[in-house]
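I have placed the structure first, in the form of structure tokens, so that the comments after it can refer back to it.
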Amino acid sequence: MDSCDELNLNNTKKDASIERHSFTHAQKMRAAATFGFGRVHGLGMQAWHRSETTGKMLGNPSVSETLTSYMLSLRRRKTQIGETATSARAATSDLLSKLFHFNNQPQFREPQPFQSTARNTPKNSQDWAGYSLAFCGLLRVDELLKIQLHDIEFEEINGRWKLTLQLPFRKTSQFGAIKPFVWWMMPEEYSHLCVVRAFARWIIVSDITNGYLFRKIRANDRIAEENEPMTSEQFLEMFRNNLIDIGVDHIPYGTHSFRRERRWPLRQICEWGGWSQEFTHLTIVKYLISLNDNPTVDRDDFFNLNRPPAFVCPACNRSCHCA
């Protein structure tokens, strides 16, 4: 916790040059301590207290009144100095289009011959289905990277290709009853979003016939032969390297960027993305609104009927912003 506080243990101010972690980091540390004391050491979730009969301390030290009071104080002080929790910047359809066209350049379509490279050489993600699946499925990164080939059903119905994904687990459905994701092939104009096209390309390029769909990437962007899923750290590194390729600032983006950009009704977003539909606490808001996001419309143009049109929708041919 000390690394998150601007005060030393003796209540003196830390030097401004010392890096301090966020309040969110402090919450994660407390959650880890609560789990460790409660589950690993078997102390349960009862509040930390002194026994009236034996005089010994009982319960979970991480659930003490003292620590709870400290966390409230830390949050108040973090707010006073201007720290605000922000979500990762949303990955938009336009961003995915730029990544799609960059990654599908001819020089990236064939595997490169093996060359000895340094251990920490940056890796690029080229022409794979992870972006489309994460974006169109509102998937968490651990859900995406644990998908195996047997979780996917690929079939043709009346001349149209259909892909069905049955996730093996989900954060909000840990005891089964996970509804499947179904995607149909989109028109060519939506190739950068089409899960069916992306999956088919990835199977051809990767030559994967079983096991994990997204495996670790070795030197020269070669897919690991071992059946080991890619780590979330490698996914984020590759995604950010790919953003640098197209000249986009990678700092505001994270693995949750693919779960944020939507223009559906709120209840439909929650059902598809696996969020609670108990709207009293509005947890969903932090995914849909963030100070990190690029403003979609300038304030001066809210009532400007002559502002430039948006992209033309190939399905309805509308280009107005309300579409």
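N8 places no side-chain N or O within donor-acceptor distance of the main-chain N or O of N10, the cut-off being under 3.5 Å. E143 places a side-chain N or O within donor-acceptor distance of the main-chain N or O of R140, the cut-off being under 3.5 Å.
Counting only residues at least two apart or on different chains, the salt bridge (Lys or Arg N to Asp or Glu O under 4.0 Å) pairs with a member in residues 226-236 are K216-E228, R218-E226. Residue pairs meeting the salt bridge (Lys or Arg N to Asp or Glu O under 4.0 Å) criterion with at least one partner in residues 7-29, sequence neighbours excluded, are D2-K14.
Applying the side-chain hydrogen bond (donor to acceptor under 3.5 Å, both in side chains) criterion to E6, with sequence neighbours excluded, gives R77. Not counting sequence neighbours, the partners of R160 by the side chain to side chain contact (heavy atoms under 4.5 Å, CB included) test are W184. Contacts of D142 classified as salt bridge (charged side-chain N to carboxylate O under 4.0 Å, His left out), with partners at least two apart in sequence or in another chain: none. Applying the side-chain hydrogen bond (donor to acceptor under 3.5 Å, both in side chains) criterion to H41, with sequence neighbours excluded, gives no partner residue.
Counted by atom type alone, S64 and T66 present zero donor-acceptor pairs between their side chains at under 3.5 Å.
For an aromatic pair to be called close, the ring centres must be under 6.0 Å apart, and F258 with F239 satisfies this.
Taking every heavy atom of both residues into account, P180 and T164 meet most closely at CB-CG2, 3.9 Å.
Interatomic distance, CZ of F100 versus CZ of R201, reported as 4.5 Å (0.5 Å rounding).
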